[in-house]
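Residue numbering restarts at 1 for every chain, and letters A, B, ... go by the order of the sequence lines. Please read these numbers as outputs of a predicted model, since none were measured by experiment.
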Number of protein chains: 2
Amino acid sequence: MANDDSRPLTLRDVSEASGVSEMTVSRVLRNRGDVSQATRERVLEAAKALGYVPNKIAGALASQRVNLVAVVIPSLRNMVFPEVMSGISSVLEETDLQPIVAVTDYLPEKEERVLYEMLSWRPSGVIIAGLEHTDAARAMLKASGIPVVEIMDTDGIPIDAAVGISHRRAGREMAKAILKQGYQRIGFMGTKMPLDHRARKRFEGFTEALAKAGVEIADQEFYSGGSALAKGREMTRAMLKRDPELDFLYYSNDMIAAGGLLELLEQGIDIPGQIGLAGFNGVELLDGLPRRVATMDACRTEVGRKAAQIIADRIATGTVEDERVIELTPTISYGDTLKRR
Amino acid sequence: MANDDSRPLTLRDVSEASGVSEMTVSRVLRNRGDVSQATRERVLEAAKALGYVPNKIAGALASQRVNLVAVVIPSLRNMVFPEVMSGISSVLEETDLQPIVAVTDYLPEKEERVLYEMLSWRPSGVIIAGLEHTDAARAMLKASGIPVVEIMDTDGIPIDAAVGISHRRAGREMAKAILKQGYQRIGFMGTKMPLDHRARKRFEGFTEALAKAGVEIADQEFYSGGSALAKGREMTRAMLKRDPELDFLYYSNDMIAAGGLLELLEQGIDIPGQIGLAGFNGVELLDGLPRRVATMDACRTEVGRKAAQIIADRIATGTVEDERVIELTPTISYGDTLKRR
DNA sequence: TTGAAAGCGCTAACAA
DNA sequence: TTGTTAGCGCTTTCAA
């Protein structure tokens, strides 16, 4: 199986073992060009017997084509991103493209660094979360000459193309829905991260729509770190203690909303009569809770799918699509916690 | 910024722009060898002005070294794996190695396929979940000649090295702890996946330890798909209906255990007096629940860290460590749901 | 401290 | 249908 000196096997080894030229071996292994059935079988047999694994490094250099799509996201621990990845993978699996993931931890400098690393592998396309990047990162992406799809957000100008939702609009819509149900004294809880632009935009849209109706956030609190569920409980308890008159709580994500729900239920508070609740994301988790929390779907899998499709199409056709920005429309699930009292 | 024909920039472009040989430019960009301060600055300036991004494909081919570590895991949607990734990243970030992830969806054939893809990039090491692989996959890994660390499980013979816990032992320990607290009529709920070998081994260890004490599982149920939390609720409700005399419920993961907890609380059942509960994994999520569910930590971050450390050390020193198998010892958290009644 | 030459393992392009 | 030649963009090695 192994060769004498344990040097990795090359095309040449297969060529010698099968008595066929390197070029023909290469053709067989890539299913390219016309190769006779007999030759093909001889080559395949030899390759398998030797345990040959092609060297894509060399192949990519020679062909000037790399079947990799770089995916740059803030984190894997927020379930949102694995779901986006699912969408991306499901589309790319139909092609010969492969996603490679890098994580930025919500740090712009780290984003710049990992982007540089990824681009130095000369991928065929980039899918990157958000519209906010350092100047250097934007410059790199522009100069790369490959398709770049910014995902999850459409509030801004994309470098090349974008797929996502408008978080500002999402915040506004939720505010309108809450007001429409008659809630008036509204508290907000969310992550502290100043670099989570999408959460920030939702918050901005939310307060903006409230302001338009003459309503102001009654109380707000931000957290960082720890178990989101536990934080949701804690913050909710603290906020209700500060202001027992609150009649609605809006959370920047479903996990802390779930924590808030458990806290309110434990306190025996009437939901949604006395207090209403809403989160954001539409996570599957919520299905198992005692009440279905009101939320808004961020269309995560769909975003991944559409982004991957753009890249795949561009590479396949060599042309650029008309619509550079695809804004998906999230819908509100009212669940059991956002209802006329 | 961009060059005439939008061909990607090469070392040669930087060489011409700075008036220094390609070789010296290369040295500067890699911080290698002795280069005068003046030359270094000229080169760096030219590279930055042009927006040059090195081509790792060419670099890797020339140097025969690829700073990639392939990580092959079943899924990203099970929070266990992102946590393992965190451990891996935290160690590799201290080196010049970079993880690249591939997902198998618990399918052996897909594992084989993605492994082949990864190995064709000639990574410097492989971290792969589990000890069960197809023959072809094992052969590839053996023939690759690079360090291979199998993670999450130590019940079996590794190809090269392994870091994880013994799931059989984990199952046994939990069974012993439950029996010791006086519980006797025990139900089990878990995933249906026949390919989740670790869950299977825990179950086997669990029933084995019960048998030794003359106890048999009173009821069991397996699920697949859907929200784990919701499934936990449903299965728990169904099982209690079938056998209201059950005094303990053991779940194969914390998510369904949490669902079970919520169901029991809603039914007003005394926990742990009437019924005790335990899950597996020690997920952060549990912190926010009304009761802390008994569980067992799978040492996920630590597993990732240790595995990455093995790879990094092998590459740095060129030697192989003595201990090929590192078995970590999970500890039981009794929480509020596993206590003498 | 710098440069020139020779390849890394493969594939594009052309020839037979 | 198969083979030959000439690189891909870098780094290694050796010479200056």
Side-chain angles (χ1 to χ4, degrees), chain A residues 3 5 7-44 46-47 50 52-68 96 117 119-124 144-145, chain B residues 3 5 7-44 46-47 50 52-68 96 117 119-124 144-145:
Chain A
N3 47 337
D5 46 319
R7 153 190 60 77
L9 293 163
T10 68
L11 219 41
R12 167 168 221 135
D13 295 302
V14 183
S15 164
E16 283 169 2
S18 63
V20 173
S21 78
E22 285 186 43
M23 195 54 229
T24 300
V25 173
S26 167
R27 282 196 267 253
V28 171
L29 264 20
R30 287 175 300 141
N31 298 309
R32 272 280 164 61
D34 297 320
V35 180
S36 73
Q37 189 56 29
T39 315
R40 151 167 277 107
E41 276 164 19
R42 284 228 325 265
V43 168
L44 255 19
L50 291 169
Y52 172 68
V53 176
N55 185 332
K56 286 209 183 186
I57 304 264
L61 183 61
S63 67
Q64 302 285 68
R65 286 182 307 100
V66 180
N67 67 338
L68 259 24
D96 68 340
E117 293 285 324
L119 289 179
S120 67
W121 286 103
R122 298 286 188 269
S124 294
S144 70
Chain B
N3 48 337
D5 45 320
R7 152 190 61 78
L9 294 163
T10 68
L11 220 40
R12 167 170 220 133
D13 296 301
V14 183
S15 165
E16 282 170 1
S18 63
V20 172
S21 79
E22 284 185 43
M23 195 52 234
T24 301
V25 172
S26 166
R27 282 196 267 253
V28 170
L29 265 20
R30 286 176 300 141
N31 299 309
R32 272 281 162 62
D34 296 320
V35 180
S36 74
Q37 189 57 29
T39 315
R40 150 166 276 107
E41 277 164 18
R42 286 230 320 271
V43 170
L44 253 19
L50 291 169
Y52 172 69
V53 176
N55 185 331
K56 285 209 185 189
I57 304 265
L61 183 61
S63 67
Q64 302 282 72
R65 286 182 306 100
V66 181
N67 66 340
L68 258 24
D96 69 339
E117 292 286 321
L119 289 179
S120 67
W121 287 104
R122 298 284 188 269
S124 293
S144 71

**Student:** Which heavy atom in A:Pro54 sits nearest to a heavy atom in B:Ser120, and how many Å separate them?
**Tutor:**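 For A:Pro54 versus B:Ser120, the nearest heavy atoms are O-CB, 3.1 Å.
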**Student:** For B:Ser15 and B:Leu11, indicate whether the former's side chain and the latter's backbone hold a donor-acceptor pair under 3.5 Å.
**Tutor:**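 No; zero donor-acceptor contacts below 3.5 Å.
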**Student:** Minimum heavy-atom separation for B:Leu9 to B:Tyr52, with atom names?
**Tutor:**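 For B:Leu9 and B:Tyr52, the tightest heavy-atom pair comes out as O-CE1, 3.6 Å.
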**Student:** Is the phosphate of D:dT1 approached by A:Thr39 (side-chain N or O, under 4.0 Å from OP1 or OP2)?
**Tutor:**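 No.
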**Student:** Residues in side chain to side chain contact (heavy atoms under 4.5 Å, CB included) with A:Ser21, at least two apart?
**Tutor:**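 A:Met23, A:Thr24.
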**Student:** Which pair of heavy atoms, one from B:Arg122 and one from A:Val53, lies closest together, and at what distance?
**Tutor:**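 Minimum heavy-atom separation between B:Arg122 and A:Val53: NH2-O, 2.8 Å.
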**Student:** Got a donor-acceptor contact below 3.5 angstrom from the B:Ser124 side chain to the B:Val66 backbone?
**Tutor:**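 Here the side-chain-to-backbone pair exists.
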**Student:** Could you state the CG-P distance from B:Leu29 to D:dT11, rounded to the nearest angstrom?
**Tutor:**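 My rounded result for the distance is 8 Å.
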**Student:** Taking A:Arg30 first and then A:Asp96, would you say they form a salt bridge - that is, a charged N and a carboxylate O separated by under 4.0 Å?
**Tutor:**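 The answer is no: the pair does not qualify as a salt bridge.
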**Student:** Roughly how far apart are A:Arg32 CZ and A:Arg27 CZ, rounded to 0.5 Å?
**Tutor:**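 With rounding to 0.5 Å, CZ (A:Arg32) is 11.0 Å from CZ (A:Arg27).
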**Student:** Each nucleotide in nucleotides 7-16 of chain C should get exactly one letter: B, S or -. Can you fill that in based on protein heavy atoms under 4.0 Å?
**Tutor:** BBBBBBB---
**Student:** Rounded to the nearest Å, what distance is computed from the CZ atom of residue A:Arg42 to the C1' atom of nucleotide D:dT1?
**Tutor:**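 Answer to the nearest Å: 13 Å.
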**Student:** Should B:Thr24 be listed as having a side-chain N or O under 4.0 Å from OP1 or OP2 of C:dT1?
**Tutor:**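 No, because none of the side-chain N or O atoms of B:Thr24 sits under 4.0 Å from OP1 or OP2 of C:dT1.
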**Student:** If we fit an axis to the first five pairs and another to the last five of the helix from C:dT1-D:dA16 to C:dA16-D:dT1, what angle do they make, to the nearest 10°?
**Tutor:**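 Axis-to-axis angle, ends of the helix: 30°.
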